[in-house]
Amino acid sequence: GAVVSQHPSRVICKSGTSVKIECRSLDFQATTMFWYRQFPKKSLMLMATSNEGSKATYEQGVEKDKFLINHASLTLSTLTVTSAHPEDSSFYICSARGRKSPYEQYFGPGTRLTVT
Amino acid sequence: AQSVTQLGSHVSVSEGALVLLRCNYSSSVPPYLFWYVQYPNQGLQLLLKYTSAATLVKGINGFEAEFKKSETSFHLTKPSAHMSDAAEYFCAVSGYSGTYKYIFGTGTRLKVLA
């Protein structure tokens, strides 16, 4: 139980285009979803927290207009990187939290974004 | 406020030797503590978690950790390292202070020598 999927697993896009990453909780309802960014050989950096049906809360220093987060249902959240640039290349990981264990997050497998 | 310190960004052990990865935490609320393992280009896999029940927690792949409140520690151990244990390990703390955000440590890269 508590499986989270991400799609795509890797994506290459050209500079200036937008790319969408999906995060789904497959077997539970996710009251909250989190989006992290991980730089090479570094720890996870929380970008934003989203609750179903409400606006995402962004961490300090994260551009909300560049990283659009939508949490339209209890099983789906999307991260759209708008007008991507090479410096946005990174590993993006989502996680989800359910009602049963609100203190625990379940992580997706990650999405490798490369902007050329 | 919460924080996590992982001592040793790189740890090397011989195959068959004891693995000890250190994690110290700070938390103003009762903590929940987690250890995750990450292989290259993969997400995080939960090894074990402390949720205020037993202080000695057993996880997958032979790992265990002991919650020591007096030392604010949650060190990860495994009696005998295997080559497949080579990976990045993250300690994380969570706790209710308005939200259950995770605070991650900086990670420890474990190298297993043949």
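Lettering of chains follows the sequences in order, A, B, ..., and the numbering in each one begins at 1.
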Please answer: with hydrophobic residues joined when any side-chain heavy atoms are less than 4.5 Å apart, are A:F34 and A:F67 in the same cluster?
-> no

OG1/B:T51 to CD/A:E104 distance, rounded to the nearest 0.5 angstrom?
-> 8.5 Å

So which part of B:I103 gets closer than 4.5 Å to some heavy atom of chain A, the side chain, the backbone, both or neither?
-> neither

Supply the atom-to-atom distance A:Q105 CD to B:Y32 OH, rounded to the nearest 0.5 angstrom.
-> 13.5 Å

For chain B, find which of A:K42, A:Q38, A:M45 contributes the most heavy-atom pairs closer than 4.5 angstrom.
-> A:Q38

Are the side chain of B:S94 and the backbone of A:Y103 linked by a donor-acceptor contact shorter than 3.5 Å?
-> yes

How many angstroms lie between CZ in A:F91 and CD in B:Q38, if you round to the nearest 0.5 Å?
-> 6.0 Å

A:R112, CZ: over 12 other non-hydrogen atoms inside 6.0 angstrom = yes

In one Ile/Leu/Val/Met/Phe/Trp/Tyr side-chain cluster, 4.5 Å: A:M33, A:L46 | no

Comparing A:G108, A:G110, A:C94, A:P102 against chain B, the one with the most heavy-atom pairs below 4.5 Å turns out to be A:P102

Which one, B:R109, B:E88, B:K49, leads in non-hydrogen pairs under 4.5 Å with chain A?
-> B:K49

B:I60 reachable from B:F63 in the ILVMFWY side-chain graph, under 4.5 Å edges | yes

Crowding at NZ, A:K66 (>12 non-hydrogen neighbours, <6.0 Å) | yes

How about A:H7: does its NE2 atom have over 12 heavy atoms from other parts shown lying under 6.0 Å from it?
-> no

Shortest non-hydrogen contact from A:S43 toward B:G105 | OG-O, 2.7 Å

Gap separating the CG atom of B:L44 from the OH atom of A:Y36, nearest 0.5 angstrom = 8.5 Å

B:K101 with A:E59: basic N within carboxylate O range, under 4.0 Å | yes

Would B:L76 end up clustered with B:L33 when hydrophobic side chains under 4.5 Å apart are linked, directly or stepwise?
-> yes

Flag yes if B:F90 and A:M47 sit in one hydrophobic cluster, no otherwise; membership is Ile, Leu, Val, Met, Phe, Trp, Tyr, and two members link when side-chain heavy atoms are under 4.5 Å apart.
-> no

From the list B:Y36, B:F104, B:Y102, side-chain contact (heavy atoms from CB on, under 4.5 Å) partner of A:L44 resolves to B:F104

